[in-house]
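As structure tokens, the structure follows; a few thoughts come after it.
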Amino acid sequence: MTATAGIDQAIDLIRKSSRIVALSGAGISTEAGIPDFRGPEGIWENPDLLDQMSSSGFNRNPAGFYQASIRLFETIARAKPTLAHQLLVRLEKLGKMVAVVTQNIDGLHHAAGSTRVHELHGTLRTGHCTKCGNAQEMSRFYSEIESGRLKVPLCLSCNAPIKPDIVLFEDLLPADAWDASVAAVERCDLLLVFGSSLVVYPAAELPMIALSGGAQLGIVNLGGTSYDGVAAVAVRAKLGEFAQAAFDAFGLE
Ligand code: NAD
């Protein structure tokens, strides 16, 4: 199947579905300038970075954690939603998209305007004091850290380090986001995977849950996934190209 035929088939699947859940991953945000974690310089190939970005790494050395991740955090803080994020908003407005489940920590689904978003790995837009739990908006800290004026954001009330609200390696997923995602996926008629390699668990269980409930699976991803063989359609295309084709097909501005 050519990429164009696959795109048409995936759009047709969206047209025929009425209770769609999207499952997004890092690939939906690469066209916003946020790198995914793959490739020789990606985090998965760097054990030191993995250690620094773990929960125990943060507790041991919060300054090292911020230093290791600040370039990514600043890039994310400045990024704007892509056409694919906007497509999911339009599908919600058309009454088709019942929920967006995301593995991303970039907050771009909220920024685009999706209203039912389950962030399985949290968000780095906000943070909490590790001692008293005070909530904080994080973006001002990231620019201060990147410019070298700050090493670790500290709580104004108790002076303890502030941690972004993201799920670090070794952390458990937020139970409410996971439970809501499973409930949405169990009731959907189409699970639309956008930009995920589907190798990170437990998020990668969601396509199996959807299929067990009788839903169809549609995948738009540049690389292959282990679910391609059981999907109704698996398109190897850039999400920007796919989203533009869907905007055109549905007559959206
Ligand atoms: P992944 O890095 O494992 O896979 C991304 C997939 O997207 C790849 O298969 C790649 O081929 C595909 N892709 C890249 N650009 C694309 C494009 N323009 N169009 C279509 N497909 C494209 O990502 P994952 O499955 O989300 O798992 C990685 C973990 O890393 C997640 O837990 C996530 O939280 C985290 N992460 C998040 C961000 C973010 O918030 N934007 C960025 C990097 C990593």
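In listed order, ligands and their atoms are each counted from 1.
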- Query: If you measure only the distance, is there a donor-acceptor pair under 3.5 Å linking the side chains of Asp228 and Thr225?
  - Reply: yes

- Note on the structure: Numbered in order shown, the ligand 1 atoms found under 4.0 Å of a heavy atom of Gly25 are 26 (O)

- Query: ligand 1 versus Ala237, non-hydrogen atoms closer than 4.0 Å: side chain, backbone, both, neither?
  - Reply: backbone

- Tell me which part of Leu222 gets within contact of ligand 1: side chain, backbone, both or neither, using heavy atoms under 4.0 Å. both

- ligand 1 N/O within reach of Ala26 N/O, cut-off under 3.5 Å: yes

- One should read off an interatomic distance between Leu192 CG and Leu23 CG, to the nearest 0.5 angstrom, of 9.5 Å

- Report, in ascending order of atom number, the atoms of ligand 1 lying under 4.0 Å from any heavy atom of Pro35. 42 (C), 43 (C)

- Query: Is ligand 1 under 4.0 Å from a heavy atom in the side chain of Ser24, in the backbone, in both, or in neither?
  - Reply: neither

- Is there a donor in the side chain of His128 and an acceptor in the side chain of Asp165, or the other way round, less than 3.5 Å apart? yes

- Item | No-hydrogen, no-angle side-chain donor-acceptor test under 3.5 Å, Asp171 and Ser55 | yes

- Which atoms from ligand 1 have a heavy atom of Asn104 less than 4.0 Å away? 37 (C), 38 (C), 39 (C), 40 (O), 41 (N)

- Hey, does Gly223 come in under 3.5 Å of ligand 1, counting only N/O atoms on both sides? yes

- Query: With a cut-off of 4.0 Å, which atoms of ligand 1 are near a heavy atom of Gly195?
  - Reply: 5 (C), 6 (C), 7 (O)

- Near Asp36, which atoms of ligand 1 are under 4.0 Å from a heavy atom of that residue? 2 (O), 5 (C), 10 (C), 14 (C), 43 (C)

- Taking atom types as modelled, is there a side-chain donor on Ser147 or Arg149 under 3.5 Å from an acceptor on the other? yes

- Donor-acceptor pair, Thr130 side chain versus Pro161 backbone, under 3.5 Å? yes

- Note on the structure: Residue set satisfying side-chain contact (heavy atoms from CB on, under 4.5 Å) with Pro35, at least two apart, ordered chain then number -> Leu72

- Query: How are the rings of Tyr142 and Tyr66 set to each other: parallel, tilted or perpendicular (split at 30° and 60°)?
  - Reply: tilted

- Taking only non-hydrogen atoms of Glu31 and a 4.0 Å limit, the atoms of ligand 1 in range are 17 (C), 18 (N), 19 (N)

- Please identify each residue that fulfils salt bridge (charged side-chain N to carboxylate O under 4.0 Å, His left out) with Arg15, with sequence neighbours left out. Asp12

- Message: Does only the side chain of Ser197 get under 4.0 Å from ligand 1, or the backbone, or both, or neither? Count heavy atoms.
- Response: both

- Task: Locate the shortest heavy-atom distance separating Leu173 from Pro202; write the atom from each residue and the value.
- Result: CD2-CG, 3.4 Å

- Contacting atoms of ligand 1, where contact means under 4.0 angstrom from a heavy atom of Ser29: 41 (N)

- Task: Could you tell me whether Val200 approaches ligand 1 through its side chain, its backbone, both or neither, with non-hydrogen atoms closer than 4.0 Å?
- Result: side chain

- Item | Proximal atoms of ligand 1 relative to Thr30 (non-hydrogen, under 4.0 Å) | 14 (C), 15 (N), 16 (C), 17 (C), 18 (N)

- Message: Checking contacts here: is it the side chain or the backbone of Leu239 that comes within 4.0 Å of ligand 1, counting heavy atoms only? Could be both or neither.
- Response: both

